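Here is the structure we will look at.
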Number of protein chains: 2
Amino acid sequence: MPTVHPPPAFQPIVHEGVGVPLYRVVARRLLAAIESGAMPPGSVLPNERDLASQFGVSIGTLRQAVGELVASHVLLRRQGRGTFVAHHDAERFLFHFFHVERADGLREAPEVETIRFERGRLDDDAADALGLRPGSAAWRIENRLRLQGRAVVHDRLQLPLSHFRGLTAKRFVERPSTIYRLYQDAFAITVLRARERVRAVAADADVAQALGITRSQPVLEVRRTALTFGDRPVEYRVSTVVTGAHEYVQTLSRH
Amino acid sequence: MPTVHPPPAFQPIVHEGVGVPLYRVVARRLLAAIESGAMPPGSVLPNERDLASQFGVSIGTLRQAVGELVASHVLLRRQGRGTFVAHHDAERFLFHFFHVERADGLREAPEVETIRFERGRLDDDAADALGLRPGSAAWRIENRLRLQGRAVVHDRLQLPLSHFRGLTAKRFVERPSTIYRLYQDAFAITVLRARERVRAVAADADVAQALGITRSQPVLEVRRTALTFGDRPVEYRVSTVVTGAHEYVQTLSRH
DNA sequence: AAGTGGTCTAGACCACCAT
DNA sequence: TGGTGGTCTAGACCACTTA
């Protein structure tokens with residue numbers, strides 16, 4: 001039997017206009033192969049010598065191209081093992097996309113409990129963030145996240161139906177791993193990064209009930225737009241965080 | 001006349017234990033020269049060929065060392081001009097350390113107005129963040145920041161006296177550029193990055209008065225620890241942000 | 001032992017910038 | 001025009017992983 005994902009054979013690079021560095025052309029070719037599904041998340045790339053000769057470039061140039069994609073978390077290098085197309089897992093989610101931790105610095109993956117799942121329409125904010133028309137068909141999902149057994153975060157997700165056709169409550173709830181991993185495995189959508197805008201607001205009745213807090217208590221409201229390749233938005237969510245025992249954490253300027 | 005900052009001559013690298021890559025040894029040497037003051041912020045490095053031969057390494061290895069320091073914002077490369085020791089300016093501050101912008105995405109540098117400047121003592125939080133004893137002598141400073149003429153942020157800074165000896169209200173207020181630039185020029189302290197922890201709280205009387213808002217209105221409280229070389233903490237500040245017209249913004253996972 | 005990525009060399013030539 | 005960093009080559013050898 002053939003392997004499930006035969007690595008594509010890359011054609012030598014010819015000229016591709018002046019001013020564009022060769023390594024960037026190579027990086028774009030690799031990215032295109034990943035986006036097209038020819039090299040799915042988790043799959044291994046041909047080794048660097050082979051790749052370099054397929055592209056007709058030196059190994060140094062090939063490494064510079066791969067290095068760019070590693071820096072943007074599209075690829076993952078593991079010495080002695082190979083280079084892999086990055087995929088979502090609990091660790092990556094925790095590190096890159098979940099920025100709530102206990103006041104004393106303890107980080108842990110949240111327990112997610114889905115409290116609402118229905119077909120609906122994008123509200124104005126979501127439509128704006130996703131670049132779609134308000135009222136477009138969408139999944140509307142609410143989750144409650146617990147840390148150390150305590151309800152700390154309330155999430156309202158809006159997913160455009162056009163990207164997530166065929167999603168069901170059952171598939172959503174019974175996913176084997178994180179939500180972003182589900183996007184990736186079931187819909188070939190890879191979340192690479194996200195923009196977040198944070199405000200302080202008074203908890204509304206909905207959130208207060210879901211999190212068991214007093215109405216009008218100050219809470220963080222985090223509005224996130226998740227992006228895939230080419231910075232195309234694929235998910236809009238509003239997270240409400242009860243701060244006090246837990247906090248929203250950022251390290252500025254690491255890059 | 002001699003130039004103000006003659007670039008130090010670097011000695012060839014001999015062995016430096018196994019397992020440590022050569023380029024990392026070179027990077028540490030450069031960093032040490034910067035930390036020691038031999039290459040002050042804004043100064044230009046010798047060109048890459050010369051540096052490589054001083055260290056006795058190939059230009060590729062030298063470039064890899066410099067590349068690491070550029071990635072961590074210690075150095076700055078400008079093609080055709082040279083490699084420079086990074087220094088703080090309004091642009092860098094805005095980009096790396098000021099994450100408040102108008103709800104519609106407009107970013108602008110804040111107008112800073114100092115409303116309190118006095119000698120005092122570190123409180124428990126600041127002492128903990130700075131790794132010093134509570135009650136250590138410190139400068140305590142309060143600023144009000146305006147955006148588009150509107151008071152949006154209230155800052156409470158605590159600076160350990162030991163690092164900022166000789167600071168005066170006059171020097172602080174009449175600094176020619178940003179606060180971090182003052183740290184750098186007057187105290188040889190370069191802020192490289194910062195950790196921030198964000199909570200939603202009700203505005204206290206102090207803050208409400210300074211920002212002209214109602215007491216108990218939900219506001220963001222951002223507690224920042226600013227770090228220099230070796231992740232040594234040098235400043236602790238609590239910023240209170242009125243969100244609504246303005247927001248706290250983050251882009252996750254760029255790196 | 002075989003295969004992978006990681007480090008390092010000793011160049012050549014290009015693109016950009018100041019003068 | 002001369003100097004800078006940026007790109008690219010064609011290797012050699014090292015360190016790590018797996019079998």
Side-chain angles (χ1 to χ4, degrees), chain A residues 3 5 7 10 12-30 34 39 42-86, chain B residues 3 5 7 10 12-30 34 39 42-86:
Chain A
T3 55
H5 301 294
F10 294 96
I13 288 165
V14 267
H15 63 298
E16 185 92 17
V18 293
V20 183
L22 191 51
Y23 71 85
R24 200 169 296 274
V25 178
V26 173
R28 287 201 172 284
R29 288 262 200 112
L30 289 170
I34 295 164
M39 303 196 303
S43 63
V44 62
L45 270 66
N47 73 57
E48 299 185 337
R49 278 165 197 79
D50 288 355
L51 265 185
S53 79
Q54 283 182 37
F55 283 116
V57 302
S58 77
I59 195 162
T61 301
L62 186 276
R63 277 186 61 80
Q64 197 166 354
V66 170
E68 273 211 329
L69 298 177
V70 168
S72 58
H73 306 294
V74 172
L75 294 179
L76 180 69
R77 279 206 266 235
R78 287 195 270 180
Q79 187 175 7
R81 299 195 50 196
T83 303
F84 301 82
V85 181
Chain B
T3 54
H5 301 295
F10 293 97
I13 289 165
V14 266
H15 65 297
E16 184 94 18
V18 293
V20 183
L22 191 52
Y23 72 85
R24 200 169 295 275
V25 179
V26 173
R28 287 203 171 282
R29 288 263 200 111
L30 289 170
I34 295 165
M39 302 196 304
S43 64
V44 62
L45 270 65
N47 73 58
E48 297 185 337
R49 278 167 198 77
D50 288 356
L51 265 184
S53 79
Q54 282 182 39
F55 283 117
V57 303
S58 77
I59 195 162
T61 301
L62 186 277
R63 276 186 61 80
Q64 197 166 354
V66 170
E68 273 211 328
L69 298 177
V70 168
S72 59
H73 306 295
V74 172
L75 294 179
L76 180 69
R77 279 206 265 237
R78 286 195 272 181
Q79 187 175 8
R81 298 194 51 197
T83 302
F84 301 82
V85 180

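Letters A, B, ... are given to chains in the order of the sequence lines, protein chains preceding strands, and every chain is numbered from 1. No experiment lies behind these values; they were computed from the predicted model shown.
Taking B:Y23 as the reference, nothing meets the ring pair (Phe, Tyr, Trp, His ring centres under 6.0 Å) condition, with sequence neighbours excluded.
Between D:dT18 and A:R81, a contact under 4.0 Å exists linking OP1 or OP2 to a side-chain N or O.
Summarising the geometry, atom CG belonging to A:L22 is positioned 10.0 Å from atom CG belonging to A:L62; distances are rounded to the nearest 0.5 Å. A distance of 9.5 Å separates CZ of B:R77 from CG of B:L69, quoted to the nearest 0.5 Å. Distance CG/B:D50 to CD1/B:I59: 9.5 Å, rounded to 0.5 Å. Taking OG1 from A:T83 and CD from A:E48, the interatomic distance works out to 5.0 Å, rounded to the nearest 0.5 Å. Considering CG of B:N47 and OG of B:S53, their distance stands at 8.5 Å, rounded to 0.5 Å.
The bend of the helix from C:dA1-D:dT18 to C:dA18-D:dT1, defined by the angle between the axes of its first five and last five pairs, stands at 20° to the nearest 10°.
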>> Between A:L75 and A:V85, is the side-chain contact (heavy atoms from CB on, under 4.5 Å) condition met? List the steps.
In response: CA-CA 5 Å; A:L75 294 179; A:V85 181; 4.1 Å; yes

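Summarising the geometry, the separation between CG on A:N47 and C1' on C:dA2 is reported as 12 Å, rounded to the nearest angstrom.
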Kindly give the atom pairs (protein nitrogen or oxygen, nucleotide nitrogen or oxygen) under 3.5 Å for nucleotides 6-10 of chain C.
unit_1, atom_1, unit_2, atom_2, d
C:dG6, OP2, A:R63, NH1, 2.9
C:dG6, OP2, A:R63, NH2, 3.1
C:dG6, OP2, A:R77, NE, 3.0
C:dG6, O4', A:Q79, NE2, 3.4
C:dT7, OP1, B:Y23, OH, 2.9
C:dC8, OP1, B:L22, N, 2.3
C:dC8, OP2, B:L22, N, 3.2
C:dC8, OP2, B:Y23, N, 3.0
C:dT9, OP2, B:S58, N, 2.8
C:dT9, OP2, B:S58, OG, 2.8
C:dT9, OP2, B:T61, OG1, 2.5

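Put simply, the side chain of A:R28 does not reach to within 4.5 Å of the side chain of A:V20, judged on heavy atoms.
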